[in-house]
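See below for the structure under consideration.
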Amino acid sequence: MALSSFIDACQVFVIPAAFALDAVAGDPRWLPHPIRWMGRCIERCEPYFRNIFKNERLAGALFALTLIFGCWGATALAIAAAHKTNPLLGFSLQVVLVFFALSVRSLSDAGMFIHRLLKFAEVDQARRELSMIVGRDVDHYDTDDIARAAVETVAENFVDGVLSPLFFAALGGAPLAMAYKMVNTLDSMIGYKNERYRRFGWAAARIDDAVNFVPARLSLLIISLSARLLNANSAKRAITTAIQEGSHHSSPNAGYPEAAFAGALAVKLNGPNYYGGDLVKKPYIGIRFGTAKVGHIEKACQLMQFSALIAALFAWGFWHG
């Protein structure tokens, strides 16, 4: 009985324990990952919904909602069953699932690997590594282009891979964090604006926009606070650039963390890029700043890590409270 009560009291440490586990373990390739299971589930279930409902938008909306709520329900049932079997097992499962929702270490590792390659003039390999984490055409990228894209990736994914999972974990524990990851995975797989998914993936993309709306805007405060603690002179630039230029992006959310990073690091991000051979003319963010250089990748990773720590502390305080 005493052990059970102690473990129940430890529930307040789910978020810090998951954050610490991510810092130590990152994303081991050998470890079965629920995000990969979500991807396989999406691939296997899509044809059934397309066949049952002829209206593509309706089919896509029901498909997305079924998987999101199904993911939340399955996670809640699994945790309840584990806790009933053994309170320590229930606590451990929650920690591991929130850990799976976070990408602080893997995001930093990806950015720093590209940084090291560029530092040693391995531009071709850096270009190949970049192509694995961005959707744009990078074959023509030089060192500065690669640096800019790497900084953008770290900035944008701070919300998707760090802040939003912590936000939803604080609101509803591991079940809501996993439901968010299903939303995010659906958007990455079927939220594309191509002919196949223009209608079927419309709902998944809109749901992703909706659930990231608040975290993306909270990121301004967290990134600015982090910039203030790391470098007093960059905090005002971060918040000012985010407010003035955060909406200068095709995504309703991605522009805000990118603009905050652009201001904090005093670099120009975004701008025109090729996607599948087509030029997409997007405005620059941080237009008054200079070109991103190799050293900015390391600074972006440091800013992201410090921002992640601040976000985790806020999430823990909310969860504890």
Side-chain angles (χ1 to χ4, degrees), residues 13-40 71 75 91-120 122 125-126 128-135 146-147 149-170 173-174 176-178 180-185 188-189 212 215 219 222-223 226 230 257 261 294 296-316 319:
F13 295 104
V14 166
I15 288 175
F19 189 83
L21 185 58
D22 177 76
V24 172
D27 184 17
R29 297 294 181 184
W30 55 267
L31 196 63
H33 203 298
I35 308 304
R36 287 191 279 272
W37 299 342
M38 290 178 190
R40 285 196 286 269
C71 182
T75 304
F91 170 76
S92 300
L93 181 59
Q94 289 188 77
V95 170
V96 169
L97 289 174
V98 175
F99 151 70
F100 277 132
L102 297 173
S103 304
V104 184
R105 173 69 182 273
S106 58
L107 181 57
S108 179
D109 286 349
M112 289 306 298
F113 185 45
I114 292 173
H115 173 266
R116 286 193 295 273
L117 290 172
L118 292 178
K119 198 171 180 180
F120 290 100
E122 297 286 346
Q125 188 175 349
R128 286 192 294 271
E129 292 296 325
L130 180 66
S131 69
M132 297 173 65
I133 59 174
V134 300
I146 295 170
V151 171
E152 288 172 13
T153 299
V154 171
E156 181 178 349
N157 283 287
F158 168 67
V159 172
D160 291 351
V162 182
L163 183 54
S164 286
L166 286 169
F167 178 83
F168 288 105
L176 203 55
M178 283 290 101
Y180 169 74
K181 294 310 291 184
M182 176 59 85
V183 170
N184 201 229
T185 307
S188 67
M189 292 183 66
N212 282 307
S219 73
I222 293 172
I223 295 166
S226 179
L230 289 172
F261 268 70
V294 175
H296 288 115
I297 301 175
E298 184 175 18
K299 291 179 180 179
C301 290
Q302 291 172 348
L303 181 61
M304 182 276 296
Q305 290 172 323
F306 210 82
S307 299
L309 178 59
I310 293 172
L313 290 172
F314 279 131
W316 183 29
W319 171 263

Would you please name every residue forming a side-chain contact (heavy atoms from CB on, under 4.5 Å) with [X], sequence neighbours left out?
| X | result |
| --- | --- |
| Ala311 | Leu163, Leu166, Ile222 |
| Pro165 | Ala101, Leu102, Tyr180, Lys181 |
| Ser103 | Ser106 |

Which residues pass the side chain to side chain donor-acceptor pair (under 3.5 Å) test with [X], not counting sequence neighbours?
| X | answer |
| --- | --- |
| Glu298 | none |
| Thr153 | none |
| Ser164 | Asn212 |
| Ser226 | Ser307 |

| message | As an exercise, state the distance from CG of Asn184 to CE of Met38, rounded to the nearest 0.5 Å. | response | 9.5 Å
| field | Interatomic distance, Met112 atom CE to Ile114 atom CD1 [nearest 0.5 angstrom] | value | 11.0 Å
| said: Strictly by salt bridge (Lys or Arg N to Asp or Glu O under 4.0 Å), give each pair with a member in residues 156-166 just once, sequence neighbours left out. | reply: none
| Pairs flagged by salt bridge (Lys or Arg N to Asp or Glu O under 4.0 Å) wherever residues 161-170 is involved - sequence neighbours left out | none
| task | Please list, chain by chain and in numerical order, all residues satisfying salt bridge (charged side-chain N to carboxylate O under 4.0 Å, His left out) with Glu152, sequence neighbours excluded. | result | Arg136, Arg148
| request: Would you please name every residue forming a ring pair (Phe, Tyr, Trp, His ring centres under 6.0 Å) with Phe314, sequence neighbours left out? | output: none
